[in-house]
Protein chains: 2
Amino acid sequence: MGDANLTIADRIQDRLETLTRAERQLAHSILENYPASGLGPISTLANDAEVSTPTVARMVQKLGFKGYPEFQAELREELKAKVKNPIAKHDTWAEGAPSGHMLNRFTEAVIDNIRHSLGQIDTGDFDAACAQLADTSARLHIVGGRITHTMAEYLFLHMQMIRPDVTHIQSTSNAWPHYLLDVKPGDTFVIFDVRRYESNTLKLAEMAHQRGARIILFTDQWRSPVHRLADISFSSRIVVPSAWDSAATTLLLIETMIAAVQDLNWEDTKNRMQTLEDMFDQTKLFRKFT
Amino acid sequence: MGDANLTIADRIQDRLETLTRAERQLAHSILENYPASGLGPISTLANDAEVSTPTVARMVQKLGFKGYPEFQAELREELKAKVKNPIAKHDTWAEGAPSGHMLNRFTEAVIDNIRHSLGQIDTGDFDAACAQLADTSARLHIVGGRITHTMAEYLFLHMQMIRPDVTHIQSTSNAWPHYLLDVKPGDTFVIFDVRRYESNTLKLAEMAHQRGARIILFTDQWRSPVHRLADISFSSRIVVPSAWDSAATTLLLIETMIAAVQDLNWEDTKNRMQTLEDMFDQTKLFRKFT
DNA sequence: ATGTATCTGAAAAAATTCTTTCATTATTGT
DNA sequence: ACAATAATGAAAGAATTTTTTCAGATACAT
């Protein structure tokens with residue numbers, strides 16, 4: 001790769017004076033639509049700049065590249081780097097820790113996952129899923145697997161506060177077939193299934209589907225086989241510098257959904273919460289603390 | 001040129017369902033480094049996506065282009081247009097959703113929480129906590145409350161894969177006093193306690209402390225009363241535009257810690273994981289899926 | 001289980017792109 | 001003004017890239 005920390009644009013700018021007439025013409029043309037113009041064929045660039053192809057080839061060599069393709073390769077690298085940091089110039093998240101520290105590397109990866117995952121979300125799907133979760137005329141079943149049952153439980157605990165008729169099923173439990181006995185057409189299933197997709201979860205989804213349930217799926221970027229049965233799917237990126245996967249993006253989605261559903265039927269939720277508060281007061285589960 | 005006002009990324013996203021396995025793999029690779037990856041030679045793209053060149057050629061035709069060069073030309077046009085409008089400030093995380101949409105407001109808040117929480121972390125404390133979790137000479141007890149038991153469970157499931165002698169205690173369970181019977185001085189307690197601090201959790205912490213256990217606490221910015229008993233505390237910001245609090249930052253910390261601990265005694269962990277894999281293979285819990 | 005349709009990639013063929021050569025044109029110093 | 005030097009682009013040649021073909025692999029329906 002070329003000089004460190006110096007974009008090609010910078011390098012062209014620096015050498016602008018030393019260039020010949022045709023080359024300067026070309027340089028301006030490159031900078032005009034940077035970097036797009038440099039990423040096309042050499043002849044297109046030459047035409048746009050109204051110079052000949054050899055002029056381009058020669059100048060690129062003057063700039064220190066072996067040839068036009070190498071020049072393009074570096075332009076693409078620049079672009080890649082630029083797209084990656086529109087916001088995350090936050091190189092070190094944990095101040096005081098070196099950027100190579102796990103805290104920084106991991107956080108970086110998670111933020112990146114969030115950015116990618118959110119960027120791909122279909123807002124319509126999201127809103128539709130929220131509406132479905134808020135629909136109290138349909139019963140709600142939440143399903144998780146070996147690891148993901150924690151996410152399922154988290155969603156369950158909150159949904160339980162927001163609305164009635166919510167159950168949490170663990171696909172790894174032997175009891176799950178019993179839950180399916182009472183499933184009626186129109187019931188909603190929220191299913192979590194990420195990498196190392198579980199056969200039980202798939203079977204459960206199939207049976208729920210067969211019984212006419214509507215399925216909302218939370219999965220990873222590679223998508224669980226359940227997605228073919230799902231009405232709505234959400235894919236989160238889960239790759240982090242670890243032997244395991246990250247559930248952080250998934251949790252973010254869940255929490256956002258909880259907040260959105262809560263907004264949808266706030267009147268009901270408010271009452272339920274008040275009742276819950278009263279009951280907690282009586283059991284003295286929570287400590288009054290200033 | 002292609003469809004008006006619809007980026008190639010959008011079009012790929014839309015048709016993701018109709019694509020075949022290899023094509024979807026390719027699609028993800030394109031979106032991963034968009035648009036840079038699509039601007040190089042077809043064979044580079046194919047290699048990065050781990051598919052064949054013809055697959056790329058076929059897919060761009062499916063997307064409505066005459067050939068790869070035409071596809072690239074439109075990518076360059078998009079890039080040109082995008083560079084011209086510097087509106088692309090990243091305050092909308094879910095593109096296509098208005099910045100007032102819950103997806104964007106919530107994500108913004110979570111990122112902010114992460115930034116603040118990570119900024120205040122003492123790296124020394126973090127490393128010390130990791131070392132303690134990795135120390136297999138001390139038994140490890142993980143404790144959570146009404147909501148936080150999901151986080152506790154998440155940590156438990158991973159620690160269980162990494163090291164022996166890990167237990168998960170729910171402070172809301174009646175059974176927790178029994179767990180304390182066997183606690184020895186030097187044992188480690190990881191305790192989760194966030195807003196609406198639970199009296200049970202505090203009592204449990206006090207008893208553990210009395211018996212000479214070392215306490216690592218995960219709490220919120222206002223800090224649970226347990227922090228006075230804790231050797232190490234981590235405070236996460238938890239405020240989001242919702243009636244409830246966010247566990248996202250806490251989960252990020254947990255996951256980072258898991259990754260760091262795993263690095264500390266990787267040799268042991270590797271063996272445990274292999275054994276686990278073998279056992280899973282025998283139970284056929286996971287589905288082999290391509 | 002069997003046959004059919006679809007998907008996939010290796011390799012060859014076609015097309016394009018990049019580089020080099022070389023003759024022509026412009027520039028500079030004397 | 002003239003020679004020497006440098007710059008430039010047309011065109012041929014070299015290299016690479018893209019497309020097509022085709023056979024094997026895979027998924028799917030019966």
Side-chain angles (χ1 to χ4, degrees), chain A residues 2 8 12 15-30 35-76 197 199 202 206 209-210 222-229, chain B residues 2 8 12 15-30 35-76 287-290:
Chain A
I8 292 184
I12 293 177
R15 305 194 51 169
L16 210 57
E17 296 312 313
T18 73
L19 299 176
T20 65
R21 195 259 312 150
E23 284 173 344
R24 196 150 40 226
Q25 209 171 308
L26 168 63
H28 280 121
S29 183
I30 293 175
S37 53
L39 291 166
I42 194 171
S43 55
T44 304
L45 178 55
N47 262 281
D48 288 353
E50 298 183 333
V51 300
S52 69
T53 337
T55 299
V56 181
R58 276 190 289 258
M59 186 169 102
V60 162
Q61 285 177 3
K62 259 194 188 173
L63 288 171
F65 300 100
K66 216 178 139 205
Y68 190 67
E70 194 179 286
F71 165 80
Q72 288 190 313
E74 187 157 330
L75 273 183
R76 284 196 300 272
Y197 312 118
S199 38
L202 181 58
E206 276 163 353
H209 182 69
Q210 212 158 28
W222 302 284
R223 298 195 309 179
S224 140
V226 173
H227 91 266
R228 275 170 300 171
L229 308 168
Chain B
I8 291 184
I12 292 177
R15 306 197 48 169
L16 210 58
E17 299 308 317
T18 73
L19 298 176
T20 65
R21 195 259 311 152
E23 285 173 342
R24 194 149 41 230
Q25 206 172 310
L26 168 63
H28 278 120
S29 182
I30 293 175
S37 54
L39 291 166
I42 194 171
S43 54
T44 304
L45 177 55
N47 260 286
D48 289 352
E50 298 182 335
V51 301
S52 68
T53 350
T55 299
V56 182
R58 275 189 292 257
M59 187 169 102
V60 297
Q61 284 177 6
K62 258 196 189 174
L63 288 172
F65 299 98
K66 218 180 136 200
Y68 189 69
E70 195 182 299
F71 165 81
Q72 287 190 315
E74 187 158 331
L75 273 184
R76 284 194 302 272
R287 185 189 146 104
K288 296 285 181 199
F289 190 80
T290 48

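Naming convention: chains lettered A, B, ... in sequence-line order (proteins, then strands); numbering from 1 in each chain.
Rounded to a whole Å, the CZ atom of B/R24 is 14 Å from the C1' atom of C/dT6. Atom CE of B/M59 is separated from atom C1' of C/dC7 by 15 Å (rounded to the nearest Å). Note: CZ (B/R21) to C1' (D/dA27) measures 11 Å, nearest angstrom. Look at CD on B/E70: it is 17 Å from P on C/dA15, rounded to the nearest Å. Distance, A/F71 CZ to C/dT17 C1': 16 Å, rounded to whole Å. Taking atom CG of B/L39 as the reference point, atom P of D/dT18 lies 12 Å away to the nearest angstrom. One interatomic measurement links the two molecules: CD of A/E23 to C1' of C/dA26, which rounds to 15 Å at whole-angstrom precision.
The bend of the helix from C/dA1-D/dT30 to C/dT30-D/dA1, defined by the angle between the axes of its first five and last five pairs, stands at 40° to the nearest 10°.
Distance check: A/M59 CE to A/Q25 CD gives 11.0 Å after rounding to the nearest 0.5 Å. Between the NE2 atom in B/H28 and the CD1 atom in B/I30 there is a gap of 11.0 Å [rounded to 0.5 Å].
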Show me the donor-acceptor pairs, under 3.5 Å and distance only, between side chains in residues 49-58 of chain A and residues at least two apart or in other chains.
residue: A/S52; atom: OG; partner: A/T55; partner atom: OG1; Å: 3.0

Let me check something: any side-chain donor-acceptor pairs from residues 61-72 of chain B under 3.5 Å, sequence neighbours excluded? List them with distances.
residue: B/K62; atom: NZ; partner: B/E23; partner atom: OE1; Å: 2.8
residue: B/Y68; atom: OH; partner: B/G38; partner atom: O; Å: 3.2
residue: B/Y68; atom: OH; partner: B/G40; partner atom: O; Å: 2.8
residue: B/Q72; atom: NE2; partner: B/G38; partner atom: O; Å: 3.3
residue: B/Q72; atom: NE2; partner: B/L39; partner atom: O; Å: 3.2
residue: B/Q72; atom: NE2; partner: B/G40; partner atom: O; Å: 2.6

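One N or O on the side chain of B/R24 and one on the backbone of B/L16 form a donor-acceptor pair closer than 3.5 Å.
Contact annotation: A/T20 does not reach the phosphate of D/dA7 (side-chain N/O to OP1 or OP2, under 4.0 Å).
Contact between A/L45 and A/S37 at its shortest, heavy atoms only, is CD1-O, 4.0 Å.
Checked against side-chain contact (heavy atoms from CB on, under 4.5 Å), B/N47 has no partners two or more places apart in sequence or in another chain. Residues passing the side-chain contact (heavy atoms from CB on, under 4.5 Å) test with A/H227 are A/L217, A/R223, A/S233, B/E17, sequence neighbours excluded.
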Identify each atom pair where a protein N or O and an N or O of nucleotides 18-24 of chain C are less than 3.5 Å apart, giving names and distance.
residue: C/dC18; atom: OP2; partner: A/I42; partner atom: N; Å: 2.5
residue: C/dT19; atom: OP1; partner: A/Y68; partner atom: N; Å: 3.0
residue: C/dT19; atom: OP2; partner: A/Y68; partner atom: N; Å: 3.4

